[in-house]
Amino acid sequence: KLIRRLQTFTFDFTAEGSSAEELARERCAHVLEAAQAPRASELWKVLTDLVLEVAASAGDRDRTRLLEDLQKHTFQLAALPRNNGALRSLSELSRNALQDIDDRICGVKLTRVGNFSAVRAALDESRYVEIRGDAGVGKSGILRHLAEQIAIESQVLVLTPDRTPGGGWFELKNKLGFNGECRDFLSDLARNGGAVLFVDNLDFFPLTARQTVIDILRQAEGIPGLSIIATARRDFHQSEPNWLPQQGLTEMNPGTPLYIEELSEGEIAELQEA
């Protein structure tokens, strides 16, 4: 009587009428962004080929390394369902932090194309880019514009002195409603091959908030595709010790800081015309 109530599914891929492959493709569609769901069959083929490739080394893949493999095929993966709420909170936190930054002069927003191009070029060479300059030259405004642009194509996390909770990663993850380790969160943030952490005004972070940034930076260097853009005064680390974790930054191949100067003649002309 019990057996009559059961339905048997054949999961042997070589058996005629097996539903296993169809079910696998359906699951592949669920892990892709909605717009990429039609690529489910392609993802399944990549996965089966990868299984054969790594079988010789006893399947030496964790989730982070598997994401690296899939990024080579330009798949856009959906976030883990359990992280959706935390990622939405992160997006709101970052958006509020950016809105605090005034990037206009008398209501005029300058393009500053040369500075944006320099930062973009620096990101091609290094995963850690530092923007420096005197007070009032527009460092934070450039950071805001870059973050808003990059947010269209990648995930961003924006930390500012006033918006960063103190007490380390533990306090930030509680604020986001995330239940897991920092590395796992950053890995999901950069799951599609790119994410950028923006840290504005390094020289104004209070001691407790610095620990939160340090915890994140220590894990960021081990996440492929995760880059950092920070701003600071021109004499940062000269008037006081640099509090960033240097070992982690060294792994990210930091380049020479980019210095933002006063408005150029072309930018002044643009401002006058506006």
Tell me, please, which residues at least two apart from Glu68 pass side chain to side chain donor-acceptor pair (under 3.5 Å).
none
My understanding is that only residues two or more places apart in sequence, or in another chain, count here; which of them pass side chain to side chain donor-acceptor pair (under 3.5 Å) with Lys45?
Asp49
Under the side-chain contact (heavy atoms from CB on, under 4.5 Å) test, residues paired with [X] that sit two or more places apart:
{"X": "Asp134", "value": "Val137, Arg234"}
{"X": "Val54", "value": "Leu50, Ser57, Asp60, Arg61"}
{"X": "Glu33", "value": "Gln76, Arg191, Asn192"}
{"X": "Asp162", "value": "none"}

Quick test of your reading: applying salt bridge (Lys or Arg N to Asp or Glu O under 4.0 Å), list the pairs with at least one residue in [range], sequence neighbours left out, ordered by first then second residue.
{"range": "residues 242-258", "result": "none"}
{"range": "residues 166-177", "result": "none"}
{"range": "residues 137-161", "result": "Asp103-Arg144, Lys109-Glu148, Arg120-Glu153, Arg144-Glu148"}

For residues 79-93, which side-chain donor-acceptor pairs fall under 3.5 Å, sequence neighbours excluded?
from: Asn83; atom 1: ND2; to: Asp188; atom 2: OD2; distance (Å): 2.7
from: Ser89; atom 1: OG; to: Gly85; atom 2: O; distance (Å): 3.2
from: Ser91; atom 1: OG; to: Arg95; atom 2: NH1; distance (Å): 3.4

Who passes ring-ring contact (aromatic ring centres under 6.0 Å, His included) against Phe204, sequence neighbours left out?
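Expected list: none.
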Listed partners of Phe185 passing ring-ring contact (aromatic ring centres under 6.0 Å, His included), at least two apart
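Checked Phe185 against ring-ring contact (aromatic ring centres under 6.0 Å, His included); matches are Trp169, Phe178.
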